[in-house]
Each structure stands twice: as structure tokens, then as C-alpha cells.
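These notes are about the structure you will find just below.
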Amino acid sequence: VDVRTGYGWTALQIAAHNGDLETTRLLLESSADARAQNDKGQTAAAIAAEDGHKELASYLEGEEQKK
């Protein structure tokens, strides 16, 4: 679930970038690491926030705190 692309992104980070809440939830239920950082040091929450997905970013920030 936490395999990285050639750019250092996980599936969770890609879902966050796309603003895809359903996929984000599925990945987290499958034990995706909400605290994983890409090559720029960004978590999925930071990526979602940067891309304007504020509700998703807030949700992911809560998930980061759980782990």
C-alpha cells in the first residue's frame, strides 16, 4: 500500500493530490501510512492542503495524529 512511484509519492499522496476522499479512506483502511513523506518532505495532508482540498487535508491531519 505504501509503494512509491518514481517521483517518491505513495498512492495516498496521489489520492490527496486529486482530492479523492473515497480512495483516501480505502487506502487508510488498508493501513496506508498517513505520515509518509514524499521526496519534498510533504505528507498527504500537506499535499491536499497545497492543492486546495481543505476538508480532505483536515481529515488526513486527524489520521496523522492517530498513528
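- Every side-chain contact (heavy atoms from CB on, under 4.5 Å) that Ala36 has, sequence neighbours left out, goes to Arg4, Thr10, Gln13, Asp33.
- A pairwise comparison of heavy atoms in Leu12 and Ala44 identifies CG-CB, 3.9 Å as the closest pair.
- The shortest side-chain heavy-atom distance between Ser30 and Val1 falls under the 4.5 Å cut-off.
- If you take CG on Leu60 and CD on Gln65, they are separated by 11.5 Å, rounding to the nearest 0.5 Å.
- Residues passing the side chain to side chain donor-acceptor pair (under 3.5 Å) test with Asp51 are His17, sequence neighbours excluded.
- Between Leu28 and Ala34 the shortest heavy-atom distance is CD2-CB, 4.0 Å.
- Judged as a side-chain contact (heavy atoms from CB on, under 4.5 Å), and not counting sequence neighbours, the contacts of Ala57 are Ala48, Ala49.
- Considering CD of Glu63 and OG1 of Thr43, their distance stands at 12.0 Å, rounded to 0.5 Å.
- Separation of atoms CD (Gln37) and CD (Gln42) is listed at 9.5 Å; rounding is to 0.5 Å.
- Its side chain within the 4.5 Å cluster rule, Ile47 clusters with Tyr7, Trp9, Ile14 among the Ile, Leu, Val, Met, Phe, Trp and Tyr residues.
- Contact of the Arg25 side chain with the Leu27 side chain is not registered, since no non-hydrogen atoms from C-beta on lie closer than 4.5 Å.
- Remark: His53 NE2 to Leu21 CG distance equals 11.0 Å, nearest 0.5 Å.
- Side-chain N or O atoms of Asn38 include one that pairs as donor or acceptor with a backbone N or O of Lys40 at under 3.5 Å.
- Hydrophobic side-chain contacts under 4.5 Å tie Val3 to no other Ile, Leu, Val, Met, Phe, Trp or Tyr residue.
- With sequence neighbours left out, Thr24 forms a side chain to side chain donor-acceptor pair (under 3.5 Å) with no residue at all.
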